[in-house]
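Beneath this line is the structure, given in structure tokens, with notes to follow.
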There are 2 protein chains.
Amino acid sequence: MSDTPERLEVWCAGEEWCPITTTATLIGKKWHPVIVHRLLESGPSGFNELKTNVDGISSKVLSDSLDDLQEKGIVERTVVNEQPFRVRYSLTSRGTSLEPVILSMAEWGEQHLKAPEDPDSGVR
Amino acid sequence: MSDTPERLEVWCAGEEWCPITTTATLIGKKWHPVIVHRLLESGPSGFNELKTNVDGISSKVLSDSLDDLQEKGIVERTVVNEQPFRVRYSLTSRGTSLEPVILSMAEWGEQHLKAPEDPDSGVR
DNA sequence: CGGCATCCACATGGATACTG
DNA sequence: CAGTATCCATGTGGATGCCG
């Protein structure tokens, strides 16, 4: 319910409304899809947990990306008051709804870049 | 057959192989998904035809994007020798295989940004 | 643990003009 | 028709260091 922090603006290139460009604006960044994928897989995660799971990302870029994903209502940040305190990043329902998109991206990547020995795989 | 101009390098963020980042590198640019979508919809298209269908893109950016997509084996450029000459951009088989990804992006965009009156649509 | 501050390099995109 | 040539503004990502 308290999902989308603000209303989503309709991002689009030209004047006409374009669902693809909209989606691309949301997840068409280098790290966004991977981050969402990890959150789908592992569920709510801490910052450093995420940093470990997203191989190769720096603290700053992870931080920037999470900020962006929060602005867009994909990711939610929760502070757990314990000693020491913890932070949980999780997907909003909008974020969870991206699962089919992320999975199709994963599937495509697997089918077309795996199996280096397969002449038809795209990577030989 | 003569589809993939060169072998695909395995783009990935860290050291481990990651299908999502790979896919994101291919189509995770502002205009790439739309261009591929238009080629899926309209079939082989000329430059200005594409420029018209991709609302808001400039010549330079379309040109750059098409170059990039060709490098990655997604798009193919064919010169038709007529008077005057024409150029056809079309999808390679690898490009065509992206259809599920593009369609899931389109579907997500439609479901989550359309229907401003629907409280559950993401845009209220 | 969970970041932010800085600084910097390069990529991406846009406007305008011009060409074969 | 199908681009290319500039120039410029902004975006995106990376390295390093510091902080509560």
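Bear in mind that the values here come from a model prediction, so they are computed numbers and not experimental data. Note on naming: letters A, B, ... go to the chains in the order of the sequence lines (proteins, then strands), and numbering restarts at 1 for each one.
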Closer than 4.0 Å, any side-chain N/O of [X] to the OP1 or OP2 of [N]?
{"X": "B/Lys29", "N": "C/dT12", "value": "yes"}
{"X": "A/Tyr89", "N": "C/dC1", "value": "no"}
{"X": "B/Ser63", "N": "D/dT4", "value": "yes"}
{"X": "A/Lys60", "N": "C/dC7", "value": "no"}

Close side-chain approach of B/Ser65 and B/Trp31, heavy atoms under 4.5 Å: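 Of all side-chain heavy-atom pairs linking B/Trp31 with B/Ser65, at least one is under 4.5 Å.
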
Sub-4.5 Å side-chain heavy-atom contact between A/Gln70 and A/Arg77: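 A side-chain contact under 4.5 Å exists here.
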
Output the single nucleotide from [options] whose closest atom is nearest the side chain of [X].
{"X": "B/Trp31", "options": "D/dC1, D/dT4, C/dG13", "result": "C/dG13"}
{"X": "B/Arg77", "options": "C/dG2, C/dG3, D/dA2", "result": "D/dA2"}
{"X": "B/Lys30", "options": "D/dG14, C/dG13, C/dG2", "result": "C/dG13"}

Residue from B/Arg86, B/Arg38, B/Arg88 passing salt bridge (charged side-chain N to carboxylate O under 4.0 Å, His left out) with B/Glu49: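 So, applying the salt bridge (charged side-chain N to carboxylate O under 4.0 Å, His left out) to B/Glu49 and each of B/Arg86, B/Arg38, B/Arg88, only B/Arg88 qualifies.
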
Interatomic distance where [atom1] belongs to [X] and [atom2] belongs to [N] [whole Å]:
{"X": "B/Asp67", "N": "D/dA5", "atom1": "CG", "atom2": "P", "value": "11 Å"}
{"X": "A/Glu49", "N": "C/dG3", "atom1": "CD", "atom2": "P", "value": "12 Å"}
{"X": "A/Ile57", "N": "C/dG2", "atom1": "CD1", "atom2": "C1'", "value": "14 Å"}
{"X": "B/Asn81", "N": "C/dG20", "atom1": "CG", "atom2": "C1'", "value": "15 Å"}
{"X": "B/Leu66", "N": "D/dG3", "atom1": "CG", "atom2": "C1'", "value": "11 Å"}
{"X": "B/Asn48", "N": "D/dC1", "atom1": "CG", "atom2": "C1'", "value": "6 Å"}
{"X": "A/Gln70", "N": "C/dC4", "atom1": "CD", "atom2": "C1'", "value": "14 Å"}
{"X": "A/Leu62", "N": "D/dT12", "atom1": "CG", "atom2": "P", "value": "16 Å"}

Along DNA chain D (nearest heavy atom to each residue), the more 5'-positioned of A/Phe85 and B/Gly46: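 Its nearest nucleotide lies further toward 5', so the answer is B/Gly46.
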
Touch class at under 4.0 angstrom, heavy-atom based, for B/Lys51 against every strand present: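 Counting heavy atoms under 4.0 Å across all strands, no contact is made by B/Lys51.
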
Touch class at under 4.0 angstrom, heavy-atom based, for B/Ser58 against every strand present: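 No contact.
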
Closest heavy-atom pair and its distance - B/Thr25, B/Lys72: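 The answer is O-NZ, 3.2 Å.
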
Closest non-hydrogen atom pair, B/Val34 against A/Ile20: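 Minimum heavy-atom separation between B/Val34 and A/Ile20: N-CG2, 3.9 Å.
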
